[in-house]
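Just so it is clear, the values below take in all heavy atoms, side chains as well, and ignore hydrogens, waters and symmetry mates. The first residue in the sequence is number 1, and the count goes up from there.
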Amino acid sequence: MYLKQLPTSTLVVWLLFSASVRAQDNPMNDPNLQQLLKQAQEMQKSAKNPGSLDTRKKLADMEAMAKQEATRQEQEEKDEKEKLQAALKKQVDAPGPVAFPDWMPATPEFKPAGKPAKKLVDEEVKIVQTGTSSLTPEKIAESWQAAAAAANNLNQSLNKMNVNGKITRILFLSTRTDPRQEVELEASREPDSKVTQIKISSPLPKPEIGSE
């Protein structure tokens with residue numbers, strides 16, 4: 001773990017401010033933390049001078065405590081990740097209907113490759129459905145955008161990509177009110193192809209992770 005390789009002075013400060021470090025976006029801007037870092041650096045300089053055995057012992061003890069705390073946090077993070085994976089698997093395997101939000105626009109000339117299904121994608125459970133359409137990615141995205149504009153209660157964001165002749169349109173739609181729902185449309189067509197590949201996905205609410 002990175003913390004185990006930090007200089008002694010930084011480890012001392014990290015130990016004393018581990019809680020606040022996790023809570024702040026930029027903890028190094030904290031004047032108290034900067035002062036402690038300065039003091040720890042002075043202690044480290046003192047430890048190099050003759051007759052500073054007590055200082056060296058204190059630094060060694062604090063470094064050992066910091067490493068012990070780093071190990072504890074590393075195990076805690078591992079446990080939390082295992083709990084998350086278990087909760088996500090339970091969400092994927094849970095019985096019941098699988099359906100997209102009822103406000104999702106219809107995809108013109110869509111030929112589904114199968115029914116919508118729950119899948120684990122990047123530590124998130126999503127409803128996913130794939131298929132094809134004879135319309136171009138541009139036309140499909142425009143159709144969704146028009147439907148979203150008519151609904152007048154959806155946010156939308158469109159990404160356009162053209163790489164080596166392959167045309168891709170990725171459209172994100174989301175509700176403006178809680179509970180927030182999202183749907184993503186990805187439509188792409190290879191050069192000289194007359195078929196557009198379509199992928200539609202919608203994330204499910206994140207499961208609650210019970211604590212022991």
Residue pair Arg189 / Thr196, side-chain donor-acceptor N/O under 3.5 Å:
yes
Run the salt-bridge test on Lys83 and Glu80 with the 4.0 Å N-O cut-off and return the result as yes or no.
no
Look up atom CD in Glu77 and atom CG in Leu84, then write down how far apart they are to the nearest 0.5 Å.
13.0 Å
Decide side chain to side chain contact (heavy atoms under 4.5 Å, CB included) for Leu88 and Glu123; before the verdict, give the C-alpha distance in whole Å, the side-chain angles of both, and the deciding distance to 0.1 Å.
CA-CA 7 Å; Leu88 291 172; Glu123 296 190 345; 4.2 Å; yes
What side-chain donor-acceptor pairs closer than 3.5 Å can you find for residues 141-154, not counting sequence neighbours?
{"unit_1": "Trp144", "atom_1": "NE1", "unit_2": "Thr107", "atom_2": "OG1", "d": "3.2"}
{"unit_1": "Gln145", "atom_1": "NE2", "unit_2": "Gln156", "atom_2": "OE1", "d": "3.2"}

Under 4.5 Å between side-chain heavy atoms, counting indirect links through other Ile/Leu/Val/Met/Phe/Trp/Tyr residues: same cluster for Phe100 and Val121 or not?
no
Search all heavy atoms of Leu120 against all heavy atoms of Gln85 and return the closest pair with its distance.
CD2-OE1, 4.0 Å
Could you give me the CA-CA distance, side-chain angles and deciding distance for Lys78 and Glu74, then say whether salt bridge (Lys or Arg N to Asp or Glu O under 4.0 Å) is met?
CA-CA 6 Å; Lys78 180 181 178 182; Glu74 188 176 54; over 6 Å; no
Go through the side-chain N and O atoms of Asn155 and Arg176 and say whether any donor and acceptor fall under 3.5 Å apart.
yes
Considering residues, nucleotides and ligands other than Glu138, do more than 12 of their heavy atoms fall under 6.0 Å from its CD?
yes
Listing, residues 128-135 side-chain donor-acceptor contacts under 3.5 Å, not counting sequence neighbours, or none:
{"unit_1": "Gln129", "atom_1": "NE2", "unit_2": "Gly114", "atom_2": "O", "d": "2.8"}
{"unit_1": "Ser133", "atom_1": "OG", "unit_2": "Pro108", "atom_2": "O", "d": "2.9"}
{"unit_1": "Ser133", "atom_1": "OG", "unit_2": "Glu109", "atom_2": "O", "d": "3.4"}
{"unit_1": "Ser133", "atom_1": "OG", "unit_2": "Leu135", "atom_2": "N", "d": "3.2"}
{"unit_1": "Ser134", "atom_1": "OG", "unit_2": "Glu109", "atom_2": "OE1", "d": "2.1"}

Where at least one partner belongs to residues 86-105, residue pairs that pass salt bridge (Lys or Arg N to Asp or Glu O under 4.0 Å), sequence neighbours excluded:
Lys89-Asp93
Do Ser174 and Gln181 pass the side chain to side chain contact (heavy atoms under 4.5 Å, CB included) test, and can you show the C-alpha distance, the side-chain angles, and the key distance before you say yes or no?
CA-CA 6 Å; Ser174 62; Gln181 293 179 306; over 6 Å; no
Roughly how far, to the nearest 0.5 Å, is the CG atom of Asn162 from the OG atom of Ser188?
11.5 Å
Starting from Phe110, can I reach Trp103 by hopping between I/L/V/M/F/W/Y residues whose side chains sit under 4.5 Å apart?
yes
Hydrophobic cluster mates of Ile170, side-chain heavy atoms under 4.5 angstrom, ILVMFWY only, any path?
Met161, Phe172
Apply side chain to side chain contact (heavy atoms under 4.5 Å, CB included) to the pair Lys118 and Lys126, showing each step before the final yes or no.
CA-CA 6 Å; Lys118 288 185 289 185; Lys126 294 184 178 183; over 6 Å; no
Taking C-beta and beyond as the side chain, do Pro205 and Val125 meet within less than 4.5 Å on heavy atoms?
no
Val98-Leu185 co-clustered via ILVMFWY side chain contacts under 4.5 Å:
yes
Between Ser202 and Ile127, is there a donor-acceptor pair closer than 3.5 Å when you use the side chain of the first and the backbone of the second?
no
Within the 4.5 Å heavy-atom criterion, are Ile140 and Ile198 side-chain neighbours or not?
yes
Residues which pass salt bridge (Lys or Arg N to Asp or Glu O under 4.0 Å) with Glu124, listed by chain and number, not counting sequence neighbours:
none
Quick one, Gln91 with Leu204, criterion side chain to side chain contact (heavy atoms under 4.5 Å, CB included). Give me CA distance, side-chain angles, the key distance, then yes/no.
CA-CA 9 Å; Gln91 189 178 35; Leu204 294 177; 3.7 Å; yes
Closer than 4.0 angstrom, basic N to acidic O: yes or no for Glu182 and Arg180?
yes
Those residues at least two apart in sequence (or on a different chain) that pass salt bridge (Lys or Arg N to Asp or Glu O under 4.0 Å) with Lys166 are Glu190
